[in-house]
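Here's the structure we're looking at; comments come further down.
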Amino acid sequence: MNLDLKPAPPPGVFRKLALGTWRAPRDPSAYATLELRMERALGFLEDWRARTGQHLTVTHLVAKAAADALRLHPEANVLLRWGRPAYRVDVGVCVLVAQPESSGRADLTTATVPRADTLSLEDFARELESRVAQVRARRDAVIERGKRRSSLVPGLLMGLVLRLLSFVWFTLNLDLRWLGMPRDPFGSVVVTSLGSLGLERGFVAMAPYTRVPLVLAPGSVREVPVVEEGGLVPGRVMTLTCTWDARLLDVDLVARVLRHIGAVLEDPGAVWRPPA
């Protein structure tokens, strides 16, 4: 016997999806980070909440800035279809949401806002919060139906099922709403807040069956010494990490997208104004 092993407990739904999604590492993921000054963003959020009562967060800013960046750089709004890049017409933003399980285990699911680039920041935040609330309360019938069906798939077949579903959704480009499956469930870009978990930074794995080529992960805002006018002063800094599909996006294009997002986060008041 080479190793001493013992059986692991049966995996949950999310772990089964993860086991079915990835094979041995041979993927095209590439990674980048931005260190951003957040003093103006934090002041902007505080002012927005005071003026409107709307609970705006850093995740809202990152997600909306990403949607606007893809509108400005439509060549980054792309997916792989029949082995070739295909440009998407609409910009959808998918935010990963922690959903408590009845057993006490946390699970991950999605809240996606379609045509996010056409919405104002206020309307985008309202739409996203509505979808997040539905998901967390288990009132999204499509997602709950999908989770129940996923739990019935044997772990050995999960990879095949996910690849088949991805082929039908994106390669054949079929609308499966008549079967109770959502239309365009993952959008153009995925945003997941590591800061909400207390993490300063992390690189998020891509899920190939989603065909999303860009994943953004804002970390927690932390206080660090920064240099201003030749001296050290306290500063508020956040790390934004990015994972992208190098088959579809080159580093220059990703850099332009990230620079736009970074510029907006460092001075959101120059782009958005709270409603009167």
Side-chain angles (χ1 to χ4, degrees), residues 41-42 44-74 76-79 87-100 107-147 169-170 175-177 180-196 204 207 210-218 240 257 260-261 264-265 268-276:
L42 296 176
F44 176 84
L45 293 174
E46 184 176 349
D47 182 57
W48 185 285
R49 294 166 187 160
R51 287 172 177 264
T52 69
Q54 188 177 37
H55 183 64
L56 204 66
T57 68
V58 171
T59 301
H60 292 110
L61 299 186
V62 172
K64 177 56 177 159
D68 294 345
L70 293 184
R71 183 189 68 241
L72 293 173
H73 302 285
N77 191 20
V78 63
L79 59 75
Y87 292 131
R88 301 170 59 103
V89 175
D90 297 323
V91 178
V93 175
C94 174
V95 174
L96 297 187
V97 179
Q99 182 188 54
D107 200 5
L108 281 179
T109 187
T110 59
T112 303
V113 178
R115 296 178 292 280
D117 60 314
T118 67
L119 301 175
S120 67
L121 177 59
E122 180 186 19
D123 290 340
F124 171 78
R126 185 181 297 113
E127 179 68 17
L128 179 58
E129 284 308 297
S130 173
R131 291 175 184 268
V132 168
Q134 275 193 319
V135 167
R136 284 185 172 153
R138 300 182 180 278
R139 295 197 304 267
D140 190 306
V142 174
I143 287 179
E144 293 307 307
R145 188 184 303 116
K147 287 169 67 71
W169 254 332
F170 303 113
D175 187 345
L176 300 181
R177 282 177 292 183
M181 304 297 288
R183 180 181 184 274
D184 193 16
F186 309 110
S188 310
V189 57
V190 168
V191 177
T192 179
S193 174
L194 299 179
S196 64
V204 180
T210 67
R211 306 282 180 101
V212 177
L214 188 65
V215 181
L216 301 173
L240 177 67
V257 169
H260 174 85
I261 297 171
V264 171
L265 288 174
V271 179
W272 300 306
R273 291 283 186 271

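This one's a predicted model, so the numbers in the text were calculated from it and none came from an experiment.
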Looking only at heavy atoms, what is the nearest atom pair of [X] and [Y], with distance?
X	Y	answer
S193	T59	CB-OG1, 3.4 Å
P213	S188	CD-O, 3.7 Å
V97	R136	CG1-NE, 3.4 Å
P268	A41	CG-CA, 3.7 Å
A63	V191	CA-CG2, 4.0 Å
V189	V212	CA-CG1, 3.8 Å

field: Parallel, tilted or perpendicular: ring planes of W272 versus F44, cut at 30 and 60 degrees
entry: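 Ring orientation, 0 to 90° scale: tilted.
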
How many angstroms lie between atom [atom1] of [X] and atom [atom2] of [Y], to the nearest 0.5 angstrom?
X	Y	atom1	atom2	value
C94	L128	SG	CG	9.5 Å
L61	L45	CG	CG	4.5 Å
W48	L121	CH2	CG	4.0 Å
L70	D90	CG	CG	12.0 Å
F186	T112	CZ	OG1	7.5 Å
E129	T57	CD	OG1	6.5 Å

Over 12 non-hydrogen atoms of neighbours within 6.0 angstrom of CZ in R183 =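 Count not over threshold, so no.
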
* For the pair V113 and L119, evaluate side chain to side chain contact (heavy atoms under 4.5 Å, CB included) and give the outcome as yes or no after the intermediate values. => CA-CA 10 Å; V113 178; L119 301 175; 3.9 Å; yes

Output all residues satisfying salt bridge (Lys or Arg N to Asp or Glu O under 4.0 Å) with R88, sequence neighbours left out; order by chain, then residue number.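 Testing R88 for salt bridge (Lys or Arg N to Asp or Glu O under 4.0 Å), a comparison that skips the adjacent residues, returns D184.
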
Is [X] reaching over with its side chain to a backbone N or O of [Y], donor-acceptor style, under 3.5 angstrom?
X	Y	result
T110	L96	no
R51	P274	no
K64	E122	no

Considering only heavy atoms from C-beta outward, does the side chain of P74 approach that of V91 to under 4.5 Å?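 A side-chain contact is absent here, since even the closest heavy-atom pair is not under 4.5 Å.
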
Excluding sequence neighbours, so at least two apart, what forms side chain to side chain contact (heavy atoms under 4.5 Å, CB included) with A69?
->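 By the side chain to side chain contact (heavy atoms under 4.5 Å, CB included) rule, A69 matches V257, H260, I261.
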
